[in-house]
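Before any comments, here is the structure.
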Amino acid sequence: MPELPEVETVVRQFVPLLVGRRLTRIELLDDKLTLPPAICKTPRRVEAVERLGKQFVLRFGDGAPLLAVHLRMTGRLKWHNQPSAPDTAHLRARFILEHGEMLFYDLRRFGTLVVASSAEELAPKGLDPFDARFTPKWLFEQCQRTSQAVKPFLLRQDRLVGLGNIYCSEILYTARVDPERPCNTLTRAAVARIQRHTIEILERAIEHCGTTFSDFQDSRGEIGSYQAFLAVYGREGEACPSCGAAIRRIVQQQRSTFYCARCQR
DNA sequence: CTCGGAGCCTGTCTGC
DNA sequence: TGCAGACAGGCTCCGA
């Protein structure tokens, strides 16, 4: 489910709810999730809530270890401060504070909790698209090094972090680049379009609180609205908004790719 | 080093 | 209605 814009949305919503507050304990409700018992039992103050790649990260005071939540496909974080008991279906962990709790739901149980002593330890290998080093020149150099098809390349988190299956299709459509084009055959101009539209599409998705299909909900259980802007993702057979040709679906590395064969070269 | 495929899970949807 | 199969937004591991 969540790609960069969805994680960024959840982080921004939790900042005012958690920062400066005291996390009293963590309850794990799924055998697959493990954390050191001391981490679960020791109360500590939340110093910051941040996004690192697609990870949701809690930073604490007193040099305490950082805690990262990776939502993977179907993870959701939801704020609960009602007197009534929360919904327990697919509830995997509860982060209990004095004024409410952050609930971690995860239908498919791919999500993970990770403890790390530093942000460096958690930081993904790839560059964040909002990092100043993410330039057309940098991306062109990365592309020159591989003959991999450009769409699976953009999905790789060890080069660029944050893009998932939805936004890769949308970026390549907007940049008018064929998803099967080997990276090292792309022109500088095409790479520059990919770079520019990556930033633009992610910014716009964040403004609209992300994309919702079925699983993504933000901290209030509400849904993002960016799906209304998707030009090709999930639209096989529909008319390309630009030329009217039927949008195609192909499979690359067992993932669906949607594109317009007439517009994207 | 690169690349592609299997696997992790549980649910919904489609077609017979 | 029942049932099998496809499919789902992420990522890691393994072998070629």
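Chain letters run A, B, ... following the sequence lines, proteins first and then strands; every chain starts at 1. Keep in mind that the numbers below use all heavy atoms, side chains included, and drop hydrogens, waters and symmetry copies.
A donor-acceptor contact shorter than 3.5 Å links the side chain of Gln264(A) to the backbone of Cys260(A).
Picking from dC9(B), dG9(C), dT12(C) the nucleotide with the shortest atom distance to the side chain of Asn165(A) gives dG9(C). With dC11(C), dT2(B), dC9(B) as the candidates, the nucleotide lying closest to the side chain of Arg109(A) is dC9(B).
With P as the reference atom, dG11(B) and dT12(C) are 24 Å apart, rounded to whole Å. Nucleotides dC3(C) and dC9(B), compared at atom P, are 25 Å apart to the nearest Å.
If you check every strand for non-hydrogen atoms under 4.0 Å, Thr112(A) touches nothing. Using a 4.0 Å heavy-atom distance criterion, Arg92(A) is classed as making no nucleic acid contact. In this structure, Gln254(A) reaches the bases: a heavy-atom distance under 4.0 Å links it to at least one base atom across the strands shown.
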With both pairing distances under 3.5 angstrom for Watson-Crick or G-U wobble, and | for a partner in another strand, the correct string for DNA chain B is .|||||||.|||||||

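Once the 5.5 Å centre distance and the 30° plane angle are applied, the aromatic ring of Phe110(A) is found not to be stacked with the base of dC11(C).
Below the 3.5 angstrom threshold, one finds a donor paired with an acceptor across the side chain of Arg108(A) and the base of dA8(C).
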Give the table of side-chain donor-acceptor pairs shorter than 3.5 Å for residues 55-64 of chain A, with sequence neighbours excluded, one pair per line with atom names and distance.
unit_1   : atom_1 : unit_2    : atom_2 : d
Gln55(A) : NE2    : Leu122(A) : O      : 3.0
Arg59(A) : NE     : Glu50(A)  : OE1    : 3.4
Arg59(A) : NE     : Glu50(A)  : OE2    : 3.1
Arg59(A) : NH2    : Glu50(A)  : OE1    : 3.1
Arg59(A) : NH2    : Glu50(A)  : OE2    : 3.4

